[in-house]
Amino acid sequence: QPGETERDWYFLIDFDGSFRDRNGEVKLLPRIDPTKDSILKILATVGKNGESGLVYYGGHGERGLPGRSELIRSGTLNLYREILEDPSASEDTYLLSIDAQRIYGKEIFSVLPENPNTNCVITVVFDTCNAEGLLTHAGRLPFVYDGSSESDPVPSVDKLHEELSQRVIVTAARVGETAGTVVAPESDRTHGILSWCMIDWIS
C-alpha cells in the first residue's frame, strides 16, 4: 500500500484472492500450494529471519490419536484416509494441509523461536477448530487471555523484554470447539470468521 515499508508476504492458499496495488489496480495474489512441506518451509523462514512477522493459518484443525493421513484417488474423487500409529497414546491437535498431511504443534513451534530477537514480535493466528490444543507444544506463554479472564502472570517476567520482544498466539477455538465461520457473499465460499476479516483487509 502507498506509504508503507516494503515487506515479504507468502500466500499459501487454495483459492483466488485479490488485492489492490499502489496504482489502485485489482490483482490476484501470488499463490503457493499450502502443502505440509510448503507450510513448514515458510515457518522456518519466519523463524530464522530475526524480524517481526505474522503467521496466519485458516483451515482444518482436528484432534485425534497419533497417526498420519493420506489422499487416495478413486476415479474423480479424492478419498481421505487416516492411519493410526499408536492407539494407546493420548490425543493431540493437528492441522490438515491441502495434501492431507498432518501438521502437529510440535512441528510448528520447533521452527518458531520461543524468545524472538529484541524489538521483534511474532504473531501466530490459528483460525481453526481445536486450535487451543496446539499450544501444548508452544513452550512458555507468560500471559494467557481466555475470554474475559487473565491467568496469573509469571512473576519473573522481564517487563522490558516483554514489551520489546514477544510471541503472540491467537486461537479461534478451545479444544473440542468448532471455530466460527462465515459465507463470503460474492463467492459462496465458507471461511473462518478471522480468516474472512484477514481476506477483506488484504483486498
Side-chain angles (χ1 to χ4, degrees), residues 1 9-20 26 28-36 38-40 42-43 46 52-67 69 71 78 80 82 90-109 111-112 121-139 141-151 166-203:
Q1 297 295 326
W9 292 84
Y10 301 93
F11 294 97
L12 284 71
I13 52 180
D14 59 353
F15 60 92
D16 288 332
S18 62
F19 71 103
R20 291 186 180 275
V26 177
L28 290 178
L29 294 170
R31 286 174 52 169
I32 303 172
D33 284 338
T35 64
K36 178 176 181 176
S38 295
I39 291 171
L40 292 180
I42 296 300
L43 289 177
V46 173
S52 295
L54 169 67
V55 175
Y56 194 103
Y57 176 87
H60 292 291
E62 304 287 347
R63 187 169 179 84
L65 296 174
S69 310
L71 287 177
N78 284 324
Y80 173 74
E82 293 185 338
S90 300
E91 290 188 342
D92 200 358
T93 298
Y94 54 89
L95 308 179
L96 274 177
S97 59
I98 194 173
D99 53 347
Q101 299 301 301
R102 298 183 180 193
I103 308 175
Y104 287 94
K106 59 185 177 183
E107 296 176 282
I108 296 169
F109 292 107
V111 295
L112 290 177
V121 177
I122 295 179
T123 303
V124 185
V125 181
F126 296 112
D127 186 12
T128 180
C129 304
N130 298 294
E132 180 195 28
L134 298 166
L135 303 188
T136 303
H137 307 282
L141 295 173
F143 298 94
V144 178
Y145 299 88
D146 182 6
S148 60
S149 65
E150 178 183 346
S151 67
Q166 300 184 59
R167 186 179 57 169
V168 180
I169 304 175
V170 180
T171 63
R174 300 179 180 88
V175 172
E177 288 184 343
T178 56
T181 59
V182 62
V183 178
E186 70 280 1
S187 65
D188 290 332
R189 185 183 181 90
T190 301
H191 297 281
I193 293 176
L194 294 180
S195 297
W196 169 242
C197 292
M198 167 68 82
I199 294 167
D200 186 56
W201 175 76
I202 291 174
S203 61

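Treat the numbers as computed from the prediction; the structure is a model and nothing was measured. Basis for what follows: all heavy atoms, side chains included, without hydrogens, waters or symmetry-related copies.
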Exercise. So, the side chain of Tyr56 versus the backbone of Leu194: is there a donor-acceptor pair under 3.5 Å, distance only?
Worked result: yes
Seminar exercise, completed: Scanning both residues in full, the closest heavy-atom pair of Thr171 with Ala131 reads CB-CB, 3.7 Å
For this session: Please examine the side chains of Asp127 and Ile193, heavy atoms only from C-beta on, and report whether any two atoms are closer than 4.5 Å.
Result: no
Problem set entry | Residue among Val124, Val111, Ile103 satisfying side-chain contact (heavy atoms from CB on, under 4.5 Å) with Leu43 | Val111
Problem set entry | CG-CG distance between Asp92 and Leu134, expressed to the nearest 0.5 angstrom | 8.0 Å
Exercise. Is a side-chain donor-acceptor pair under 3.5 Å present for Ser97 with Asp99?
Worked result: yes
Exercise. Is the closest side-chain heavy-atom distance between Arg102 and Glu82 below 4.5 Å?
Worked result: yes
Seminar exercise, completed: Rounding to 0.5 Å, atoms OG (Ser38) and CD1 (Ile32) come to a distance of 6.5 Å
Seminar exercise, completed: For Leu96 and Tyr57 the tightest heavy-atom approach is O-OH, 3.0 Å
Exercise. Side chain of Asn130, backbone of Gly176: donor and acceptor closer than 3.5 Å?
Worked result: yes
Problem set entry | Residue pair Thr128 / Gly59: nearest heavy atoms and the distance that separates them | OG1-O, 3.1 Å
Seminar exercise, completed: Smallest heavy-atom separation, Phe109 atom then Arg167 atom, equals CD2-NH1, 3.6 Å
Exercise. Which pair of non-hydrogen atoms, one from Gly58 and one from Ser195, has the smallest distance, and what is that distance?
Worked result: CA-OG, 3.5 Å
For this session: Output yes when a side-chain donor or acceptor of Glu62 lies under 3.5 Å from a complementary backbone atom of Thr93, and no otherwise.
Result: no
For this session: Flag yes if more than 12 heavy atoms outside His60 fall under 6.0 Å of its NE2 atom; otherwise flag no.
Result: no
Exercise. In Å, rounded to the nearest 0.5 Å, how long is the span from CG of Leu40 to CD of Glu107?
Worked result: 6.0 Å
Problem set entry | Any Leu95 side-chain heavy atom under 4.5 Å of Ile108 side chain | yes
For this session: Could you tell me which non-hydrogen atom of Ala179 sits nearest to which non-hydrogen atom of Cys129, and how far apart they are?
Result: N-SG, 3.4 Å
